[in-house]
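Accompanying notes for the structure given below.
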Number of protein chains: 2
Amino acid sequence: MKEQKGQEMKRLSLKDVARMAGVAPSTVSFVLNGKARQMRISEELAEKVMAVVKKTGYQPHSVAVNLRTGQSKTLGLMVESISGSFFAALARVIESEADRYGYHIVYCSTENNATKGGELIKMLSRQQVDGYLITPAAGMEKDIQQLIAHKRPLVLMDSYFPDVAAPHVLIDNFGGVKQGMEHLIDRGSKQIGFVTVDMNLVQMQERMKGYKETLRSHNIPVKNKLILELPYDGDKEASVRKIRQFIQTNKGLDALFFATNYLGILGLECIAGLGLKIPDDLAMVCFDDHDIFRLYPPGITVVQQPIDDIAKTAMQLLMNQLDKSQRALRKTKLELPGKFIKRGSS
Amino acid sequence: MKEQKGQEMKRLSLKDVARMAGVAPSTVSFVLNGKARQMRISEELAEKVMAVVKKTGYQPHSVAVNLRTGQSKTLGLMVESISGSFFAALARVIESEADRYGYHIVYCSTENNATKGGELIKMLSRQQVDGYLITPAAGMEKDIQQLIAHKRPLVLMDSYFPDVAAPHVLIDNFGGVKQGMEHLIDRGSKQIGFVTVDMNLVQMQERMKGYKETLRSHNIPVKNKLILELPYDGDKEASVRKIRQFIQTNKGLDALFFATNYLGILGLECIAGLGLKIPDDLAMVCFDDHDIFRLYPPGITVVQQPIDDIAKTAMQLLMNQLDKSQRALRKTKLELPGKFIKRGSS
DNA sequence: AGGCTGCGATAAATCGATTTAGCTAAAGGT
DNA sequence: ACCTTTAGCTAAATCGATTTATCGCAGCCT
């Protein structure tokens, strides 16, 4: 009974509201933005304006607001691949957090490709996003550095570059692996293998360090034979073959630590294929949880990432930067503890 | 060597480019938008402009363009929950498709809440998205209807409302279930149970219909005892209990068809908990694939959704609507065949 | 009475593009 | 020589808001 008069009914503009209320556009703007008092608009007039606004259901044209204020109220979220469970879960929390702060999300996936990542950053900046939430791919340091140089509000998640002073929040990779490793050692595993991926990112290096140092601190020698570093090229078949071979050639192997859930899942396939029993023939711990690990009998022990905390903290950090009053706190580095969850596999 | 002169270096505007090239802003605009010929700008001048554009790396301010042209080059993608595997996979394909067409995605999740969905639609329209890609939650018919009434380009995915003439693309739910059921019947299952969820959406009704009609067409009586309809309230514990009870009370049960992958996963938990062997004690088929089903021994037979096709087709449909030249083809209904994948569970 | 202050509201500039209408000079027609 | 085209380019309006600078008027002071 109110919307469709003619047929194409142009959207109501602030000017229209002003005309209907019999005031100037600026007055409407002040009232709507809570600057009525400051601009000393009388109560009376303010109410008249609000009445028209309510009656018409006027909503400001956000693009126009954006152009004028330079604030898009939009954040760019860049993940490796939205279909990965970790990233999807992250995205979910980020979205709802952003909503709480009155921001929208434009998301995009790098597919672990630095070139694509770089282009996406350009795309996002062309889109005038107010801030960036990025899980960086290897090789994106230049792009990140540039964002910093341009003083763009930015938070990295899941990884970071040691040479680039960007705020970042991620799990304590070293500590997480250490926790899992000590558990394996405590339960009596003697020959613990480590399956990781050859990716030039700090989180993988930290996990590796966690593996080696925990062994050393228990006076267990680190043998290179027990470390399998797979190429990150997405060739599942080849990886499965290599893991199988790795298990077969290491005779005394009694436990495996997988550095990512993706690897852990491949590992499960191999172990099942070889007819080995978990945990009797081979114990297993995996970094980063996954639905499968809860269900796959007998349940896989994992170090779970604190996804909620990561997302919320990252958001907080970003909001701090967006809050012009308190710029300056760059270089924030946050490592959140992972959660060790013991299941049947160890 | 070129970017940072002063310190706050305002972004280059079209006007700046014009000044540098010694021409009028309008000229630059024409050249950049391929209207040079039409506006009879000389080759010579056009080249001069392009030279400046290249040298400076000028990029138009998309918000300004958006305001002037009314095109945001942004699409709204609304899914039930981005962390669901089906939706995440869908989002992934949609993103890359959108990119191909030069569009960006603003995404948001309904969390299966019609109220939230309605608000999100408002949010998206305030954001001036050019089109909507929606997997609707129950109860959103009014909102969808309104979008249609406002002639908004729109495509529904995964579900639709029989009473609302909106273009939609989804799997052939009936046919998919039928395929799975016939497989179970062929392999000799006599008492096939059906576990579904009480959601008032057409796809669930179609799946139920698929179950019942396939039985009838094979002259097998449909027994209500063999149908379990769980409430959709996210209470996992309760659902697990009910499924377990369902299995225990139906003595002759030799196969289960799960109407969603979420239910299937719960089912796995129950079956494992009861110590039953798949497929010997109980065969199983699930609608909608999931990583777990590939891996969980002995592998779960599924009807896989054609996610790629759904996404690509939906995008195509949306682009058709955005292409003003050929409006009018509303009411497109597309049901794509699912892919039956036999694994060890049946 | 003239100048100053404070109040209440507005006119006009601005953000950065697109697009319509128009302007100037040269060419063509009679 | 005068009028009409046409080519080549630009001025100015516009999209829909925000924000700065004013403006008129009433009251107060001297």
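In what follows, chains carry the letters A, B, and so on, assigned in the order in which the sequence lines appear, proteins first and then strands, with residues in each chain numbered from 1. Below, all heavy atoms of this structure are taken into account, side chains as well, without hydrogens, waters or symmetry copies. Keep in mind that this is a model prediction, so the values were computed, not measured.
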If you measure from the Lys or Arg side-chain nitrogens to the Asp or Glu carboxylate oxygens, is any gap between Glu111(B) and Arg92(A) under 4.0 Å? yes
Does Ala24(A) reach a base, just sugar-phosphate, or nothing at all? Heavy atoms under 4.0 Å. sugar-phosphate
Ignoring backbone atoms, test whether Asn33(A) places a side-chain nitrogen or oxygen under 4.0 Å from the OP1 or OP2 oxygen of dT18(D). yes
Measure the distance from NE2 on His61(B) to P on dG16(D) and round it to the nearest whole Å. 17 Å
Can you tell me the distance, in whole Å, between the CZ atom of Arg68(B) and the C1' atom of dT18(C)? 4 Å
Walk me through it: do Met319(A) and Tyr103(A) pass the test side-chain contact (heavy atoms from CB on, under 4.5 Å)? CA-CA 10 Å; Met319(A) 288 301 135; Tyr103(A) 280 83; 3.6 Å; yes
Nearest-Å distance, NZ (Lys35(A)) to P (dT18(D))? 8 Å
Interatomic distance, Gln71(B) CD vs dC15(D) C1' [rounded to whole Å]: 14 Å
Report the distance from atom CZ of Phe30(A) to atom P of dA17(D), rounded to the nearest whole Å. 15 Å
What is the distance, to the nearest angstrom, from the CZ atom on Arg37(B) to the P atom on dC9(D)? 13 Å
It should be established whether Lys15(A) places a side-chain nitrogen or oxygen under 4.0 Å from OP1 or OP2 of nucleotide dA17(D). no
Using a cut-off of strictly less than 4.0 Å, decide whether Ser26(B) has a side-chain nitrogen or oxygen near OP1 or OP2 of dA12(D). no
Could you tell me the separation between the CD1 atom of Ile41(B) and the C1' atom of dC9(D), rounded to a whole number of Å? 6 Å
Tell me which nucleotide among dA17(D), dT18(D), dT10(C) gets nearest to the side chain of Val23(A). dT10(C)
Is any side-chain N or O of Thr27(B) closer than 4.0 Å to OP1 or OP2 of dC9(D)? no
Would you indicate, yes or no, if dG16(C) has its OP1 or OP2 atom less than 4.0 angstrom from a side-chain nitrogen or oxygen of Tyr58(B)? no
Does this structure show an ion pair linking Arg19(B) with Asp16(B), if we count only N-O contacts that are shorter than 4.0 Å? yes
Which comes earlier along DNA chain C counting from the 5' end, the contact point of Leu67(A) or that of Ser29(B), where each point is its nearest nucleotide? Leu67(A)
Gap between atoms NZ and C1', on Lys48(B) and dC9(D) respectively (whole Å): 12 Å
Is the shortest distance from a Lys or Arg side-chain nitrogen in Glu97(A) or Arg100(A) to a carboxylate oxygen in the other one below 4.0 Å? yes
If you look at every strand shown and take non-hydrogen atoms under 4.0 Å, does Val63(B) touch a base, only sugar-phosphate, or nothing? nothing
Compare side-chain N and O positions of Arg40(B) against OP1 and OP2 of dA7(D) and report whether any pair is under 4.0 Å apart. yes
For Ser72(B) and Asn66(B), test the side chains for any donor-to-acceptor distance below 3.5 angstrom and give the result as yes or no. no
Minimum-distance nucleotide (side-chain atoms of Ser42(A) versus dA9(C), dA17(C), dC9(D)): dA9(C)
